[in-house]
Protein chains: 2
Amino acid sequence: MNYDEAKNKFISTWGSLGTLWGINKAMAQIHALLLISPKPLSMEDIMEQLQISRGNTSMNLRQLMDWGIVFKENKMGERKEYFTSEKDVQELARQIAKERSRRELQPTIKILKDVSNIDEDGTAKTKELIKQTKALHEMADTLDILMNRVIGQDHNWITKALVKLIK
Amino acid sequence: MNYDEAKNKFISTWGSLGTLWGINKAMAQIHALLLISPKPLSMEDIMEQLQISRGNTSMNLRQLMDWGIVFKENKMGERKEYFTSEKDVQELARQIAKERSRRELQPTIKILKDVSNIDEDGTAKTKELIKQTKALHEMADTLDILMNRVIGQDHNWITKALVKLIK
DNA sequence: TCAAACTTTCAAAAAATATTGAAACATAGA
DNA sequence: TCTATGTTTCAATATTTTTTGAAAGTTTGA
């Protein structure tokens, strides 16, 4: 496998992987491209390499910036904007964990809390609803604490966490 | 909030949550319904409660069974099939972790390994590609080991893991 | 202020995904 | 074997999501 083959394979794999995780193809591919690019790329560069439209590129770059994993850069004396990705994969993972907690876990926790707080009326179905949503609520809480703990951790957290869990 | 409101809120929240995670609405809603139902439900029950077609119900039930989180049950003397969900949320989480590792992590690891093994040709772009895919590969490996470790763990793993990480 | 260089927005089109429903299929019991 | 009672399949349809591209917007510098 030569460079171009490897690059294309990586970008397209990352793209389809993304869709599996609810991230659209273009967004995941732009991210993959920036991740392995040694220097910042302009919008034109990205459009050309991935064969996507200007509008698509613009919108997805914005989303990636919202996630805090892609940054704008300006070259002196140039109007054009350049983009880079967070290169430290552990920092990347932390940023993603942080965003997922904020966007997915927090809202879920809120609903589960509300639902599990309905009045116990003695019927089996109510008991079951309360029991199960409470259990999910507890688990979501634990997961959230775990994730936040991990986010606040230093850069080798994943290795260290593993060591702790294994021993 | 009374029982019906709470139930509907839970089911519809679980449904939209699912789409966020790449799971379709019907599948997530069927799961939610079974999770809080004190007794097994038939296909008719599910169709009626969620207002979805027979075909849709059948297909999504099959997927849930493939994931190992929903089971068929037979009542004595009845032809009809009944369905239940795994009720232990920790077991549920373990099963989901196991399936995601198998379906998502394993294939990713394979590609990252291949891509990171291309020949170093001394150019900056090749160096960067190798460096980044290697870093991702390591992280995916660690995650996978961590998940498998957790899957093999007893039922209170999540609490225990938390205690370990926090102390 | 104007023009050039670039980016963003958004309605329309395309693509991907989910859903329906009826026909095909399965199976138990008469 | 035939019928009644169920389930599965899958082509057609509906829905949702993504993408496009051109118009509108922005900013810089002359």
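As the structure is a prediction and not an experimental result, all values here were calculated from the model. Below, chain A is the first sequence line, B the second, and so on; all start at residue 1.
A heavy atom lying under 4.0 Å from DNA chain C marks the following residues of residues 7-34 of chain B, by number: N24(B), A26(B). A heavy-atom distance below 4.0 Å to DNA chain D is reached by these residues of residues 44-74 of chain B, ordered by number: R54(B), G55(B), S58(B), M59(B), R62(B), K72(B).
Within 6.0 Å of CD on E128(A) lie more than 12 heavy atoms contributed by other residues, nucleotides or ligands. Crowding of K75(B) atom NZ: a count of heavy atoms from other residues, nucleotides or ligands under 6.0 Å exceeding 12. More than 12 heavy-atom neighbours from other residues, nucleotides or ligands sit within 6.0 angstrom of CD on E73(A). Heavy atoms of other residues, nucleotides or ligands lying less than 6.0 angstrom from NZ of K98(A) number 12 at most.
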* To do: Kindly determine whether F10(A) and Q29(A) satisfy side chain to side chain contact (heavy atoms under 4.5 Å, CB included), including the steps that lead there.
  => CA-CA 9 Å; F10(A) 176 63; Q29(A) 290 191 340; over 6 Å; no
* To do: Let me see the working for R54(B) and E44(B) under salt bridge (charged side-chain N to carboxylate O under 4.0 Å, His left out), right down to the final yes or no.
  => CA-CA 8 Å; R54(B) 188 175 293 284; E44(B) 302 283 344; 2.8 Å; yes
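In this structure, D119(A) and T126(A) approach most closely via the heavy-atom pair O-CG2, 3.6 Å. Annotation for M139(A) and A93(B): closest pair CE-CB, 3.6 Å, computed over non-hydrogen atoms.
The nearest whole Å value for the distance from the NZ atom in K80(B) to the P atom in dT27(C) is 19 Å. Distance NZ (K75(A)) to P (dA5(C)): 18 Å, rounded to an integer number of Å.
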Protein-nucleotides 27-30 of chain D N/O pairs closer than 3.5 Å?
from	atom 1	to	atom 2	distance (Å)
dT27(D)	O2	R79(A)	NH2	2.7

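Considering only heavy atoms from C-beta on, W67(B) stays 4.5 Å or farther from R62(B) through its side chain.
With respect to D114(A) and K110(A), a salt bridge is recorded, a charged nitrogen being found less than 4.0 Å from a carboxylate O.
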